[in-house]
Structure formats: C-alpha cells, structure tokens
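The structure under discussion appears below in the form of structure tokens.
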Amino acid sequence: PETATPHPAPSAEHGFALLEEIIALAILGVTFAQAMQLLATGVRSAKAAEDYTHAALLARQKMGEIVVKPSFEGSADGGEIGGGFRWVSEVQPLPQEEELPALLYRVWVRVTWPGRRGEKSLDLITLRMAVDEKKLGQTHAVQPTARSSRGR
C-alpha cells in the first residue's frame, strides 16, 4: 500500500515566492516614485502657466488704462498688484521726420513676479497715435490733379 507522507518535500517553485514579491514591490516603488515626480512636474508647470496668464491679463489691463488717457505725454509709472506682481510702464514719443498733426507714442508695460528660479517678467509694447490739436489745421493738403476723360 502507498504510504502518505505527512510533509511533502518542498519543490523548487516555493523557494522563489518571497524573492518574486520583493522584486515586484521594488518595481512598484520605483514606478510610484516616477509617477509622483511626474505629478509634481505637472503641478509646477500648471502654476507657471497660471502665473504667466495672470501677468498677461494684468499687463493688458494696465496697457488699456494707459492708452485711454486723454493726456498722453512721455511718462513712467509703476505699482504693486496683489500676489507679488509688480508693474512698470513707460510712454515715449517717437521721432517723426515730418510735421504732422498726429504724434506717435510707444507704450511699454512690464509685469514682474517672483518665480522658483528668480524673478519672472512679461512685457507688452504697443503704439498709440495722439492728435496734436495745435497742429491740426496747419497741414498742407495735396491738390488732386485733374484727369481728362476722353470719349470711351
């Protein structure tokens, strides 16, 4: 008759179970660390994009306030906006070769804010034309030449 052995001999397969689990946990740990690093990079990128968008909106707002002023002399201004954002502006008349009733101005606005690796900035530049009321009626109009129309 066959005799049953109370404890069967361990096979070679049972010896690797613990080692396989350790390797699987190591792979899982490395994958988790990489995923967390990717998540942190994504959050930093989203914050940087948010800051640039906020700076662009603030610069556009300040640019709009400057260009609608009725008096438009060469000037500089600046201030601080909440969240660490600061702005400076400068209005400069551009040189003109001819005496025209309109003057051209360069309007520059810079918004700066603190970043992870130093100060960040965004510049907006536009041109604005302003009519010089004193010179308005003093330009010489070019007379059109008469064209003869021959029979068609």
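This is a predicted model, so every value here is computed, not measured. Numbers here are sequence positions counted from 1. The figures here come from the full heavy-atom set of this structure, side chains too, leaving out hydrogens, waters and symmetry mates.
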Rounded distance [0.5 Å steps], CD in Q96 versus CG in L103: 5.0 Å
Measure the shortest side-chain to side-chain distance between V67 and Y105 over non-hydrogen atoms and say whether it is less than 4.5 angstrom. no
Could you check whether any side-chain N or O of E119 sits under 3.5 Å from a backbone N or O of T112, counting only pairs where one atom can act as donor and the other as acceptor? no
Assigning hydrophobic clusters by single linkage (Ile, Leu, Val, Met, Phe, Trp, Tyr; side-chain heavy-atom cutoff under 4.5 Å), is L38 placed with V30? no
If you take all heavy atoms of G84 and P114, which pair is closest and at what distance? O-CD, 3.4 Å
Point-to-point distance, once rounded to the nearest 0.5 Å, from CG of L124 to CH2 of W87: 13.0 Å
Does K120 reach the side chain of Y52, with side-chain heavy atoms less than 4.5 Å apart? yes
So which atom in A55 and which in W113 form the shortest heavy-atom distance, rounded to 0.1 Å? CB-CZ3, 3.3 Å
Minimal non-hydrogen separation, D51 against F85, with atom names: O-CE2, 3.8 Å
Residues, nucleotides or ligands: over 12 heavy atoms within 6.0 Å of R44 CZ: yes
Measure the shortest side-chain to side-chain distance between T53 and E50 over non-hydrogen atoms and say whether it is less than 4.5 angstrom. no
Measuring from Q61:CD to I81:CD1, what's the distance to the nearest 0.5 Å? 7.0 Å
Can you tell me how far apart CD1 (I66) and NZ (K62) are? Round to the nearest 0.5 Å. 8.0 Å
Min side-chain heavy-atom separation L127-L94 under 4.5 Å: yes
Please tell me if the side chains of R110 and E90 come closer than 4.5 Å, counting only heavy atoms from C-beta onward. no
Working to the nearest 0.5 Å, report the span between CG of L28 and OG1 of T31. 6.5 Å
With rounding to the nearest 0.5 Å, note down the distance linking OG1 in T41 to CE in M36. 11.0 Å
